[in-house]
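Written out below as structure tokens is the structure these notes cover.
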Amino acid sequence: MLDDTPDDMPDLLDTRAPRAWAAPLVSTVVTLPGAALALFFGGLSPMACDSCDGARADRFTRSFDSGWAVLCTGLLLALAVLVASWALPWRQQHSARRVLLAVTAPAVVVCAFIAFVGLVDWP
């Protein structure tokens, strides 16, 4: 007959997840190059208005400054989400949160870049 004491029962909330590293690793491989590309293209975008002058250049500069702030903030947020996906304890109970954070990080990069492109008043 089974003894129902806590010593014989497995601790289901404290079991280590065997592949807890997989989702953050895939997210890192996708997020970091995506963020680097977004930062690269965002950094090169002022060249789109090299031939602009006067009011058109002023409009572009104002919109670029706000768009650049949104892009940089979004990339920092993506980095924070990525670090959080790695920092969660590697237990079964955190698996869903870890996967959610790992999926959110590259999505934040994409959203930040789309917001940047939408905010800039391109010539």
- One should read off an interatomic distance between Asp53 CG and Asp58 CG, to the nearest 0.5 angstrom, of 9.5 Å
- Item | For Val99, the rest of its hydrophobic cluster, which grows through side-chain links under 4.5 angstrom | Val103
- Note on the structure: For Pro24 and Trp21, the nearest pair of non-hydrogen atoms, with its separation, is CD-O, 3.5 Å
- Between atom OG of Ser66 and atom CG of Leu119, what is the distance when rounded to the nearest 0.5 Å? 5.0 Å
- For Leu44, the other hydrophobic cluster members (4.5 Å side-chain criterion, sorted by chain and number) are Leu37, Leu39, Phe40, Phe41, Met47, Phe60, Phe64, Trp68, Leu71, Leu75, Val109, Phe113, Phe116, Val117, Val120, Trp122
- side chain to side chain donor-acceptor pair (under 3.5 Å) partners for Thr28, two or more places apart: Trp86
- Item | Residue pair Val108 / Gly74: nearest heavy atoms and the distance that separates them | CG1-O, 3.3 Å
- Message: Keeping Ser27 on the side-chain end and Ala23 on the backbone end, is there a donor-acceptor pair under 3.5 Å?
- Response: no
- Output yes when a side-chain donor or acceptor of Ser85 lies under 3.5 Å from a complementary backbone atom of Ala102, and no otherwise. no
- Give me the one residue out of Arg91, Arg98, Gln92, Arg97 that meets side-chain hydrogen bond (donor to acceptor under 3.5 Å, both in side chains) with His94. Arg97
- Would a distance-only check, ignoring hydrogens and angles, find a side-chain to backbone donor-acceptor pair under 3.5 Å from Ser45 to Gly42? yes
- Separation between CG of Leu82 and CG of Leu32, rounded to the nearest 0.5 Å: 5.5 Å
